[in-house]
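Computation of the quantities below employed the complete heavy-atom set of this structure, encompassing side-chain atoms and omitting hydrogens, waters and symmetry-equivalent molecules. Chain letters run A, B, ... following the sequence lines, proteins first, then strands; residues in each count from 1.
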Amino acid sequence: MGKLNIVGAINSALSEEMERDRDVIVIGEDVGRDGGVFRVTEGLLAKFGPERIIDTPLSELGIIGAAIGLAAYGMKPVAEIQFMGFLYAGLEQVFSHAVRIRSRSRGRFSVPMVIRTPYGIGIKPPELHSESSEALFCHMPGIKVVVPSTPYNAKGLLKSAIRDPDTVLFMEPSRLYRSIKADVPDGDYTVPLGRASIHQEGRDLTVVSWGTMLHRASEAAEGFDAEIIDLMTLKPFDEEAVLTSVKKTGRLVIVHEAPRIAGFGAEVAALVAEEAIEYLKAPVLRVAGLEAVVPMARLEDYYMPSLERIRKAYEKVMRY
Amino acid sequence: MGKLNIVGAINSALSEEMERDRDVIVIGEDVGRDGGVFRVTEGLLAKFGPERIIDTPLSELGIIGAAIGLAAYGMKPVAEIQFMGFLYAGLEQVFSHAVRIRSRSRGRFSVPMVIRTPYGIGIKPPELHSESSEALFCHMPGIKVVVPSTPYNAKGLLKSAIRDPDTVLFMEPSRLYRSIKADVPDGDYTVPLGRASIHQEGRDLTVVSWGTMLHRASEAAEGFDAEIIDLMTLKPFDEEAVLTSVKKTGRLVIVHEAPRIAGFGAEVAALVAEEAIEYLKAPVLRVAGLEAVVPMARLEDYYMPSLERIRKAYEKVMRY
Amino acid sequence: MPVNIIEKIEVKYLQIINEKGEADPNLIPSVSDDEITRFFETIILARAFNQRALSLQREGRIGTYASILGQEASQVGSALAFSVEDWLFPSFRESGVLVAKGYPMWMLYRYWAGDERGMKCPENLNIFPMSVPVGTHVPHATGAAWAMKLKGHRKAAGVYFGDGGSSKGDFHEGLNFAGVFKAPVVFLCQNNQWAISVPRSLQTAAKTIAQKAYAHGFEGIQVDGNDAAAVYKATKDAVEKAKNGGGPTLIECFTYRLDDHTTADDASRYRAKEEVEAWRAKEPLVRLRLYLEKKGKWTKEYEEGVTKKAQESVDAEIKKAEAYPPPDPADLIRYTYAELTPRQKKEMKESGWGS
Amino acid sequence: MPVNIIEKIEVKYLQIINEKGEADPNLIPSVSDDEITRFFETIILARAFNQRALSLQREGRIGTYASILGQEASQVGSALAFSVEDWLFPSFRESGVLVAKGYPMWMLYRYWAGDERGMKCPENLNIFPMSVPVGTHVPHATGAAWAMKLKGHRKAAGVYFGDGGSSKGDFHEGLNFAGVFKAPVVFLCQNNQWAISVPRSLQTAAKTIAQKAYAHGFEGIQVDGNDAAAVYKATKDAVEKAKNGGGPTLIECFTYRLDDHTTADDASRYRAKEEVEAWRAKEPLVRLRLYLEKKGKWTKEYEEGVTKKAQESVDAEIKKAEAYPPPDPADLIRYTYAELTPRQKKEMKESGWGS
Ligand SMILES: Cc1ncc(C[n+]2csc(CCOP(=O)(O)OP(=O)(O)O)c2C)c(N)n1
Ligand SMILES: Cc1ncc(C[n+]2csc(CCOP(=O)(O)OP(=O)(O)O)c2C)c(N)n1
Ligand SMILES: [Mg+2]
Ligand SMILES: [Mg+2]
């Protein structure tokens, strides 16, 4: 057991899984000598050599496309896409191939790979380094989408993702990479995919969030008797956990960073509108990014859900 | 005034807009000599010549990418993507560029182009010819998403789309292309973007749908006093029309073809859960595609919302 | 110091047997008469498969189908150059490749009838499901080949795509990776001169598709795609090279699509009859027949026998395909993930399907 | 009939002034001393801009910044070859191009400080916002150039990207369209030998990036990217050719990134000091100085004067940038669509922003 931040936790998951399974390899831009632009793969090249930690050309489509072939043949590629905004180039490979090959071949071939990518506002970078596009992927049957929020679950979820027989998108909250340090067991443990965690129990109000926003949603919950659910896996998501909590509290606020319209929050709200409406005491609110292109540094604080906006939503549902 | 099917209506919109504005050009695979694989551009090459009806290489990314430059420079490209499933290749061009250039250049440049593409199950084709991925696009601020459902609105909406200053995705229901023939005015008229149409008035139950499914949702409504809303524009969608109707009926069923999870129906349900929950008498139901890869011909009827599934949903909400 | 030439590239063209059945004396020793006989017989089989697929489509017994007529040499010649442990990545117009590899024809018919089970490749073969989005499967072959190399397996991958496919970014990124990682992969472009209605000349300004390989640092070669011997030899050499660590090769098979693009197409809208007829004269079977005849290995009776056997076998396969029980609707959901998700279980239940 | 050579490609390399300031006697007449003086002075300005950007970043006054040190000849030489009515499509590492075109430096500083208003190109120029997703802007230049051709405007487009960018499918699809439609566009690859930590040799197995043009049927040329005269001449020729209907050209500027990738990078992690030092000796300013000195057009005082003026102008621009009022938060929403949507109006209201 040692204190690790999320970067360290992911590094340790990669390292342990690579020791455990010779077929696990890491591919991506700058993952080798440079150790990744966020240093997530630091030290792995020295440990595992250039046949397993592989710097690729600047070619997101190529990375995902080749990873599909690698995985289908029997490797277990963990592909790093340097920023989520650049994953759009590989989207067709994911949507039209990775997640369909099992179905298209009726089980003969499959694509057990992991796509790791940092997402979200976090590092005051140039444009397109701050996307959080989970909703797009959550709409596509066949993929799994995972978003850790702490060093502990980052390590445990990544291990599950690597061992999973399906294609998993693993979205790493860049804003949290180094901001939380916490106890993480040294050895092997996993956090199962598809199950949410009750980040905090409460009676009056259910808050659903994930990744970066989970922490802000929690902070905003001070003074409320809020039950906070960390979804962790967005696809397939733990519908049961959400429904159980909402049935108890009668109130639901969803907090995410991506634009509100057709964001993943809509799915959570729609689920509840369908299956627990009779328990609801208040409108289901979403606090989310605005209907706007994710801005550069100067305006990003205005775009993201602020503590104040979140708190207002909690207050509003509590008035019912 | 003459009877036209949707193919004819779109053809006439293109033809009239090209006469009206010299900058309008059509680009895409097989749009010229062949008149498009669905014959939507039939006859346009003869009328407007190869400088305005332009066959391109097989290159969806290139089509959208070049159209961005064409539009920014002052042309008005209408780009045909042969099937929606192949638009994934151009998704980064749409998401990272087309819809952001106005914002990135603070208004100096913009990309007024139209992407036309047939969507949905309809022609018993090979794989990936049956996608309905509207939800992905609806999540991206900066784009407009339009889905006609009749020859009349196909022509009027496409004209509005071509004249619109923003990037518009125009999704054509391939299943309806030739199945509905109706009166369409010969000359100029437009149907405004952003406004829904009340396809049928009713008191007991609001049905929201668009494109192909609108017709099935209507058919299933026989025997119900249903108010049927044809959204027509999915982004930005007519929130007001939905809310007004739901406030009246107290019941809502959304019908679409795309997979349910994180589909656009979730947004409609979430809106109502947020803004009209106190009017709801029943759960908000979605009838949608299954959590599965869109199947090929043999199984597609099991995948799509059937009359029976839709009716069951209507019956269910009516029990409240 | 001034204007120097820093790189020279030459693109080669290979033909072994010409339209008249005349063989190049220097090259023909690399292909045996037995092999040529095999091309001949396999092309007849592939053609029988194809002919029946077209008529099944007309009768509404299968869906839209993409004919291989005219391209059989490209497909059969290349397919036979791969070993059974190699991995192949076909596009939708590769029935000839699959037939040549012994892929069960009844499964192909089922596939074209809209049944995904037809693409469940038998365990003794390694053929990926046909790729429908053009060119997008090119990187998969690179990836699989790269995996072979990483695992130290002496195998190769082969990937088939059209002239249209060579315009896609996927093609280039796939080739570039293969060049960088020296992946044992053979890129087989079936340049049939048309991408639906778009002629090769409007697909790219490059003189050949073969030369696109040099953008990625390895050899590209154009072969007479109607000459099964040339296609076979070029592919065989490329497969050998790949297995010996020499990296990838791009082979442009210069051929022609004699039929409509698919059964949903009408090629007379966009191309001249004369062009089609000129190419028909070069079609792949005639030259093999002439060659074998000269060698005393062809008789009318022999060909009739081969044809009859092919037709019988195709008939039997069609029977098998059509007798096959319809797919279980639950399949639709079942193969999405390795295991059903809770939501899928719910959907199965609501649909009244067993899980 | 057998193995024929059907296409020959030669890739040329152009240098006019070498590291010692010696000019090729056959080529130098194509560039005047006035032009060379202009390169010299513009490089000094671009370098002053760059130097100050780096220090502003260190002081936390702007965000992450991508240095152009070492690449000024590639950027300035090419930029000056375009006319004011031409359209340029830079990537994020093209401050030198923008400075050379007279783009307001204060706006660039604001951009790098995270303010989108910095990319609102003044009306007298046609420079697209810098593209951050590498290589993805290549097709835009093709499209704009194609539009120029369709409208009968005698103009050209130029697009800048790195060696890394040449691996993207976007690059290839953009080039392929340009080849097919003979679009008047010049593709300017700034091959600075590195894509962050990935060396050129691992980016592609091709010997040159220039040769990638031939995959798309037009000319590619490699130039000494540290020789402003060579870059200028190659670009000028390509622009002329484009405007005369000759179609596109790919120019590979063979240069070197002397600094870290960006201020967030530490290049010592992945490349040897010696390599950097060897390239430093070839940097673009020295040879121009030597050349001008030989021609009697350089004195120490002259250079000091130019440098001082550059620095003063940069200082004034920084002042202007920092005095500029902060952006209106409503801008965030305002430029998404031509008009606000009802939902956006609501969001504006909820946020307390005027519309
Ligand atoms: C990415 C993509 N775009 C468009 C299509 C529709 N389409 C199917 S085949 C075809 C032409 C393919 O041409 P080519 O690659 O030369 O192969 P061929 O059909 O000639 O065998 C097109 C445009 C598709 N299947 N995939
Ligand atoms: C599509 C994409 N992938 C990854 C990145 C992250 N990134 C920024 S610059 C860079 C390297 C670019 O190399 P090159 O094209 O040679 O340009 P240079 O930085 O050398 O000027 C990378 C990987 C990006 N911006 N865009
Ligand atoms: Mg073809
Ligand atoms: Mg570089």
Side-chain angles (χ1 to χ4, degrees), chain A residues 22-23 25 27 51-52 54-75 77 89-90 92-93 95-113 140-144 164-167 193-194 235-240 271, chain C residues 87 89 115-123 126-133 136-151 153 155 157 159 168-170 172-181 183 185 327 331-344 346:
Chain A
R22 266 218 59 86
D23 289 332
I25 58 172
I27 67 172
E51 297 244 299
R52 297 186 67 199
I54 307 171
D55 280 326
T56 65
L58 204 165
S59 176
E60 283 76 13
L61 191 171
I63 292 169
I64 311 265
I68 290 172
L70 284 162
Y73 189 79
M75 303 297 292
E92 179 174 39
Q93 287 295 330
F95 279 17
S96 301
H97 291 294
V99 306
R100 292 185 198 228
I101 283 171
R102 184 192 300 283
S103 176
R104 284 167 60 206
S105 69
R106 285 302 187 251
R108 168 67 204 277
F109 299 105
S110 62
V111 183
M113 71 172 175
M140 186 48 70
I143 200 170
K144 292 178 178 166
D164 197 87
D166 294 306
T167 296
L193 305 192
K235 188 171 186 85
F237 80 110
D238 192 340
E239 304 183 2
E240 220 28 65
L271 170 76
Chain C
W87 282 48
F89 296 79
D115 183 346
E116 283 91 348
R117 291 175 302 175
M119 280 295 119
K120 179 171 184 162
C121 180
E123 286 296 332
N126 299 297
I127 304 181
F128 236 49
M130 296 177 175
S131 178
V132 165
T136 58
H137 57 310
V138 173
H140 309 165
T142 299
W146 188 9
M148 293 165 189
K149 190 179 168 192
L150 290 171
K151 284 183 177 262
H153 298 168
K155 299 190 200 172
V159 54
K168 294 281 288 182
D170 309 62
H172 287 286
E173 297 198 23
L175 264 67
N176 195 46
F177 267 63
V180 168
F181 297 110
V185 50
D331 276 6
L332 197 168
I333 288 183
R334 193 176 280 140
Y335 292 101
T336 315
Y337 295 96
E339 278 176 36
L340 293 177
T341 67
R343 166 61 55 182
Q344 288 181 312
K346 205 170 158 182

Output the distance between atom CG (A:Leu61) and atom CG (C:Asn176), rounded to the nearest 0.5 Å. 11.5 Å
Hey, are the side chains of C:Val132 and A:Arg104 touching, using non-hydrogen atoms and a 4.5 Å cut-off? no
So for A:Ile64, is it side chain, backbone, both, or neither that comes closer than 4.5 Å to the heavy atoms of chain C? neither
Qualifying side chain to side chain donor-acceptor pair (under 3.5 Å) pairs with a residue from residues 140-150 of chain C, counting only residues at least two apart or across chains: A:Gln93-C:His140
For chain A, which candidate among C:Thr341, C:Leu150, C:Val180 shows the most heavy-atom pairs at distances under 4.5 Å? C:Leu150
Side chain, backbone, both or neither of C:His153 within contact of chain A (heavy atoms, under 4.5 Å): side chain
Which of A:Val99, A:Thr167, A:Asp238, A:Ile54 touches chain C most, by non-hydrogen pairs under 4.5 Å: A:Ile54
Name the region of C:Glu123, side chain, backbone, both or neither, that has any atom closer than 4.5 Å to a heavy atom of chain A. both
Top residue by heavy-atom pair count (under 4.5 Å) with chain C, among A:Ile101, A:Asp164, A:Ile143? A:Ile143
Restricting to side chain to side chain contact (heavy atoms under 4.5 Å, CB included), what partner residues turn up for A:Pro141, sequence neighbours left out? B:Pro259, B:Glu291, C:Thr336
For the atom pair OG1 (C:Thr136) and CD (A:Glu92), what is the distance rounded to the nearest 0.5 Å? 5.5 Å
C:Leu175 versus chain A, the contacting section by heavy-atom distance below 4.5 Å: neither
Show your working on side-chain contact (heavy atoms from CB on, under 4.5 Å) between A:His97 and C:Asp170 and close with a plain yes or no. CA-CA 12 Å; A:His97 291 294; C:Asp170 309 62; over 6 Å; no
Below 4.5 Å from any heavy atom of chain A, which atoms of C:Phe181 appear? Answer side chain, backbone, both or neither. side chain
Measure from the side-chain N and O atoms of A:Arg108 to the backbone N and O of C:Cys121, and report whether any donor-acceptor pair falls under 3.5 Å. yes
Which bit of C:Met130 comes within less than 4.5 Å of chain A, counting heavy atoms only: side chain, backbone, both or neither? backbone
Trace of the side-chain contact (heavy atoms from CB on, under 4.5 Å) decision for A:Tyr73 with C:Lys155: CA-CA 12 Å; A:Tyr73 189 79; C:Lys155 299 190 200 172; 2.8 Å; yes
Say you draw a straight line from CZ of A:Arg102 to OH of C:Tyr335; how long is it, rounded to the nearest 0.5 Å? 10.5 Å
Pick from C:Ala145, C:Pro342, C:Pro139: which one has the most heavy-atom pairs with chain A under 4.5 Å? C:Pro139
Need one label for A:Glu240: side chain, backbone, both or neither, based on atoms under 4.5 Å from any heavy atom in chain C. neither
Compare all side-chain heavy atoms of C:Phe177 with those of A:Pro57 and state whether any distance is below 4.5 angstrom. yes
Calculate, to the nearest 0.5 Å, the distance between atoms CD1 and CZ belonging to A:Ile68 and C:Phe89 respectively. 10.5 Å
Please round to the nearest 0.5 Å and tell me the distance separating atom OG1 of A:Thr56 and atom CD of C:Glu173. 10.0 Å
In Å, rounded to the nearest 0.5 Å, how long is the span from OG of A:Ser103 to CZ of C:Arg334? 11.5 Å
Heavy-atom pair count under 4.5 Å with chain A, highest-scoring of C:Ala141, C:Ser131, C:Gly174, C:Gly118: C:Ser131
Measuring only between side-chain heavy atoms, which start at C-beta, is A:Asp23 closer than 4.5 Å to C:Lys151? yes
